[in-house]
Chemist: 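Take this structure, written in structure tokens, and hold onto it; I'll ask about it next.
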Amino acid sequence: MAYWLMKSEPDELSIEGLGRLGEARWDGVRNYQARNFLRAMNVGDEFFFYHSSCPQPGIAGIARIIRAAYPDPTALDPQSHYYDAKATADKNPWSAVDVAHVQTLPRVLELGRLKQQSGLAELPLVQKGSRLSVMPVTPEQWAVIVALR
DNA sequence: GCCAACGTTGGC
DNA sequence: GCCAACGTTGGC
């Protein structure tokens with residue numbers, strides 16, 4: 001089983017929102033590197049749910065992959081914010097996965113705190129200038145973060 | 001293939 | 001709202 005971290009703006013989908021829904025489609029990823037990581041995910045993989053572009057950026061919970069990558073329908077929907085005019089049903093370059101809520105953390109693990117952990121220096125999240133929204137997390141990094149809860 | 005211009009991300 | 005950093009686009 002692999003570990004990941006994925007960013008979401010809580011206004012779009014928060015860990016609390018996922019908790020209410022139980023399950024959700026993780027769509028709208030429009031970066032090739034992030035998409036490739038989505039495609040590498042397997043059912044059962046777990047990921048840290050990160051809240052970005054909000055008053056308290058940080059890891060807010062844990063969730064699980066329940067469906068492996070499939071064509072992202074929002075790319076074909078002209079009404080969608082994530083519509084891609086160049087995508088077609090036959091050639092849709094974008095992928096989505098389905099996820100399920102596992103755990104909402106009692107307190108958000110704030111970005112500033114994560115940056116202080118020496119064991120996380122290699123994590124793209126804490127690196128200057130990194131905007132990657134889907135990234136792998138090593139078992140060692142996972143353990144460091146889980147211990148902060 | 002280079003690179004300037006532009007759009008986006010995301011913390012602050 | 002600001003702005004640094006990054007990714008993408010498109011002319012040449």
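For clarity, every value in this text was computed on a predicted model and none was experimentally measured. Sequence lines set the chain letters: A, B, ... in the order given, protein chains first and strands last, and positions in each chain run from 1.
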Chemist: What is the distance from CD1 of A/Ile59 to P of B/dG11, rounded to the nearest Å?
Modeler: 12 Å

Chemist: Over how many whole Å does the gap from A/Asn36 atom CG to C/dG7 atom P extend?
Modeler: 13 Å

Chemist: So A/Leu132 and A/Phe37, do their side chains get closer than 4.5 Å, heavy atoms only?
Modeler: yes

Chemist: Expressed as a whole number of angstroms, how long is the span from A/Leu132:CG to B/dG11:P?
Modeler: 13 Å

Chemist: Quick one: does A/Gln141's side chain have a donor or acceptor within less than 3.5 Å of a partner on A/Thr138's backbone?
Modeler: yes

Chemist: Measuring to OP1 and OP2 of B/dG11, would you say a side-chain N or O of A/Tyr50 lies under 4.0 angstrom away?
Modeler: yes

Chemist: Figure out the NZ/P separation between A/Lys115 and B/dG10, and round it to whole Å.
Modeler: 13 Å

Chemist: Strictly below 4.0 Å: does A/Lys128 bring a side-chain N or O up to OP1 or OP2 of C/dA5?
Modeler: yes

Chemist: For A/Leu125 and B/dT9, what is the distance between atoms CG and C1' respectively, to the nearest whole Å?
Modeler: 13 Å

Chemist: Given atom NZ of A/Lys86 and atom P of C/dT8, what is their separation to the nearest angstrom?
Modeler: 10 Å

Chemist: With the side chain of A/Ser133 defined as its heavy atoms from C-beta on, choose the nearest nucleotide among C/dG7, B/dG10, C/dT9.
Modeler: B/dG10

Chemist: Atom CD of A/Glu9 and atom C1' of B/dT8: how far apart are they, to the nearest Å?
Modeler: 11 Å

Chemist: For residues A/Phe49 and A/His51, establish whether the separation of their ring centroids is below 6.0 Å.
Modeler: yes

Chemist: Is there a donor and acceptor pair closer than 3.5 Å between the side chain of A/Arg131 and the base of B/dT8?
Modeler: yes

Chemist: May I ask you to evaluate whether A/Lys7 reaches the phosphate of B/dT9, defined as a side-chain N or O under 4.0 Å from OP1 or OP2?
Modeler: no

Chemist: Would you confirm whether A/Ser8, through its side chain, and A/Leu13, through its main-chain N or O, come within 3.5 Å as a donor-acceptor pair?
Modeler: yes

Chemist: For A/His81 and B/dG7, give me the distance from atom NE2 to atom C1', rounded to whole Å.
Modeler: 12 Å

